[in-house]
Asker: 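Just passing along the structure, written as structure tokens.
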Amino acid sequence: MVRRFWLGALGVLLAVSLAWGISEYRKAENLTIISENQYRRSLSDFVTHLDGLETNMAKSRAAGTATQQVYYLTQSLHQSDTAVKDLSLLPSANYGLNYIDQFLNQIGDFTGILTQQVAKGTPPDKEQEKTLKEMHERLITVNRDVQELYADLNTEKIAWVNKPSWWKFWGNPNEAAPAAAEGNEGKATQPASIGAGLEQLDVSLQKLPPFSYSGQTETHSVPEPLGLPESTVTEDQARDIASDFLSINGYPGASPEMSGTSKGSFEGYTFKYHTATVDVCKKGGVVTLYRDERDLGLQKLTVDETASQAMNSLKKLGWNNFVVTSTEDFGGYIQLEAVSSENGIRIYPDKIRLTAGRDNGMMIGYDSTPYWLFHHSRPLSKKLTKDQCAAKLRKDLSLKESRLAVISLPGWQEAFCYEFRGTAADEEFLIYINAADGTEEKIQRIIHTPRGEFLQ
Amino acid sequence: MALRTRQIFMLAAIAIVLSICTSSVSNAALGDRTLARGSRGPEVADLQKRLSRLGYVIGPIDGIYGTRTQARVKLFQKEHGLTSDGIAGSRTIAELKRLTGQSVNSGGTSIGYKNSDVNLLARLVSAEAKGEPYRGQIAVAAVVINRIKSSSFPNTIPDVIYQPGAFSPVNNGQIWQEPVSSAINAVNEALRGTDPAYGALFFFNPAKTSNGYVWSRPQIVQIGHHIFTR
């Protein structure tokens, strides 16, 4: 009797687990179809955008007018960005940082820079023409190989994901089959899956000579710091510098201990004292970064009072002639940016960032790396008057203020400009007109975030 | 009979007063009254949503001011220089509303939060560097910004973060956990340009990584458990 009961119970359990298994299998099969569709869609998009990119790059090389060249370069920029996105949606963990991805990013970067340059009226120089030609020629190879792979994959019944099978039920259904090994003659054999095919393609493309473009970027950058003093300091000297810095920032007589070193452009020492860390650069013996992770006390100061105290601390550290250009209120603390001002000319690249607590106004953060990166002697000469530059602005812009300023441009260039602050159609802008040739160099939109003014 | 009529009349009056009170509570906006442990209603839910948005994770937004909400209010107050009593009074609510408000243009038109990238990057920082020094959290965010600047990587925060195989929290789903407040602050500093990683493009935890590629990269600095490399 008891035996029969247990046999019956076992039978019921078996039936329930079988039903559950079938249900899970069906769910897995549905998910596989959904994934397969999404991956195939992304691959089709990738192939289409890569092909469009190749066509637009070819046209950009042939364009005879700036307007047409800007149009085709812009198209190239957008299609390279989109192709990178398509690629990122494909389920391979391995080719993200590899050839196609990196090459497409290089194209996007280069065409972005070139678009801005041509739009401002400067055609590509010989070197840029050469880079564009080499990029396009390399892209033809990549595009041809991708299309061949795509055509092969479309004629074979190869899937992204292995269909769930009863034997591999516990495995990862999204795992693509491994790439097939290359044959003796270097020609790829038929891949077992689409993912494997793309990985195989990437491996074969990496055998091409490396593409050397690493030039300008969309953001302002220099290869090495321009402003660091020539002298070098020892660890003991650096400790004294850190101690002096801490004394001015609320830790008189501090005896910091070295907690590490850093390499690279700002090779130096990191010192620690209670909750604070100070980075001192070996070259020049300057403090580059400071951070105090102390608990903040109750708000006792207004934003203006805090900013004023932070600027006083900056003066005590030897930074004179700096003006506050932006302040953000985070509640317990503020972040502000101050830039060097020479004879009323704002040098925006020579910037120092500060963070200060609203409890006592002391600095809790200090970052002078932009100053040391970009500071250098600048021969500033203007050929145009303020009125001549103002004449370049839209007529419906209502001007609020203006001044001379040095601004950073993409890559390592700078421009000496008139900065005009004005409003048009309920929007506020900073517009920079080059004081030498009247070029409209940059437009920044001013918005008001909950923390303060922000430039877009 | 007269007594019974009077009782019915009284009950009806109480019901009307109660219904008015209840409807005024349910339509109340955040800031209309002080909220404290035991408070309930849509304005508590609003408070919880705003706290979560700033990285003070509550869990389910249930409109009940319980111990968890009280603890998060206390932490928010402590980190924003307010009296840390766990009671959401006018000052706390005003600060919370200010920091979670929308941006406006010069004409005063709301133009959205303008911080979708902040949240995504903060999720990554939170997943990769929760428990690391604050400086280390800024450094992790700075690595993403440095990649955007590099010509070898994509040009937007989502593209860099979702680049295949780039960050393990994307692969294992940890990126979908809500970010902690320090990660949000760290991201705001990194977006301003602060970079304690001094231009690093990669970082790894030496105790957990055997990846030959990252070990082969020129090392710049170690912050907490992470080594930052070029």
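Lettering follows sequence order; numbering is per chain, from 1.
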Asker: Looking at chain B, which one of A:Lys351, A:Arg445, A:Glu328 has the largest number of heavy-atom pairs inside 4.5 Å, strictly under?
Answerer: A:Glu328

Asker: Quick one: of B:Gly199, B:Pro154, B:Pro218, B:Gly101, who has the most non-hydrogen atom pairs under 4.5 Å with chain A?
Answerer: B:Pro154

Asker: Side chain, backbone, both or neither: which part of A:Tyr333 has a non-hydrogen atom closer than 4.5 Å to chain B?
Answerer: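 For A:Tyr333, the contact with chain B is made by the side chain alone.
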
Asker: Please look at B:Pro133 and chain A and tell me whether the side chain, the backbone, both or neither of the residue comes under 4.5 angstrom of a heavy atom of that chain.
Answerer: both

Asker: Tell me, out of A:Lys300, A:Glu337, A:Arg358, who's got the most heavy-atom pairs with chain B below 4.5 Å.
Answerer: A:Glu337

Asker: Using a 4.5 angstrom heavy-atom cutoff, name the option from A:Asp295, A:Val84, A:Asp279 with the most pairs to chain B.
Answerer: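 Of the candidates given, the most pairs with chain B belong to A:Asp279.
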
Asker: Considering only heavy atoms, which portion of B:Ile223 lies under 4.5 Å from any heavy atom of chain A: side chain, backbone, both, or neither?
Answerer: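 Contact with chain A is absent: no heavy atom of B:Ile223 under 4.5 Å.
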
Asker: What residue, out of B:Arg135, B:Glu95, B:Gln222, B:Gln219, has the most heavy-atom pairs lying under 4.5 Å from chain A?
Answerer: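 So the answer, after comparing B:Arg135, B:Glu95, B:Gln222, B:Gln219, is B:Arg135.
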
Asker: In terms of heavy-atom pairs under 4.5 Å, which option from A:Thr277, A:Ile446, A:Thr355, A:Asn105 contacts chain B the most?
Answerer: A:Asn105

Asker: Looking only at side-chain N and O atoms, does A:Ser326 offer a donor or acceptor that is under 3.5 Å from a partner on B:Arg192?
Answerer: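 Side-chain D/A pair, B:Arg192 to A:Ser326: present.
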
Asker: Between B:Arg230 and chain A, with a heavy-atom cut-off of 4.5 Å, which part of the residue counts as in contact: side chain, backbone, both or neither?
Answerer: side chain

Asker: Drop me the distance from B:Leu99's CG to A:Arg451's CZ, to the nearest 0.5 angstrom.
Answerer: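 If we round to the nearest 0.5 Å, B:Leu99:CG and A:Arg451:CZ are 7.5 Å apart.
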
Asker: Given heavy-atom pairs under 4.5 angstrom as the criterion, report whether the side chain, backbone, both or neither of B:Thr83 touches chain A.
Answerer: both

Asker: Mind checking the OG1-OH spacing from A:Thr369 to B:Tyr198? Nearest 0.5 Å is all I need.
Answerer: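 Rounded to the nearest 0.5 Å, the OG1-OH separation comes out at 7.0 Å.
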
Asker: As an exercise, state the distance from CD of B:Gln102 to OG1 of A:Thr449, rounded to the nearest 0.5 Å.
Answerer: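 Here the rounded value is 12.0 Å.
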
Asker: Is it the case that more than 12 heavy atoms not belonging to B:His225 sit under 6.0 Å from its NE2 atom?
Answerer: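 No, the 6.0 Å shell around NE2 holds no more than 12 heavy atoms from other groups.
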
Asker: Against chain A, label B:Glu79 side chain, backbone, both or neither, depending on which of its atoms sit under 4.5 Å from a heavy atom there.
Answerer: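 B:Glu79 touches chain A through backbone heavy atoms alone.
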
Asker: Let me confirm one number: the CD-OG distance from A:Glu293 to B:Ser182, rounded to the nearest 0.5 Å.
Answerer: 9.5 Å

Asker: Is there a side-chain contact between A:Gln335 and B:Thr194 (heavy atoms, below 4.5 Å)?
Answerer: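 No, every pair of side-chain atoms sits at 4.5 Å or beyond.
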
Asker: Which bit of B:Lys78 comes within less than 4.5 Å of chain A, counting heavy atoms only: side chain, backbone, both or neither?
Answerer: both

Asker: Tell me, side chain or backbone of B:Asn105 under 4.5 Å from chain A's heavy atoms, or both, or neither?
Answerer: both

Asker: Out of curiosity, A:Arg353 CZ to B:Glu189 CD, how far, rounded to the nearest 0.5 Å?
Answerer: 9.5 Å

Asker: Which region of A:Thr270, side chain (C-beta onward) or backbone (N, CA, C, O), has a non-hydrogen atom less than 4.5 Å from a non-hydrogen atom of chain B, or is it both or neither?
Answerer: side chain

Asker: Could you tell me which non-hydrogen atom of B:Arg98 sits nearest to which non-hydrogen atom of A:Phe330, and how far apart they are?
Answerer: NH2-C, 4.1 Å

Asker: Testing the basics here: between B:Ser103 and A:Pro450, what is the closest heavy-atom pair and its distance to 0.1 Å?
Answerer: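 Smallest interatomic distance, heavy atoms only, reads OG-CD, 4.1 Å.
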
Asker: With rounding to the nearest 0.5 angstrom, report the CG to CG distance, B:Asp195 to A:Leu289.
Answerer: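 Reported to 0.5 Å precision, the distance equals 8.0 Å.
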
Asker: Which region of A:Asp367, side chain (C-beta onward) or backbone (N, CA, C, O), has a non-hydrogen atom less than 4.5 Å from a non-hydrogen atom of chain B, or is it both or neither?
Answerer: side chain

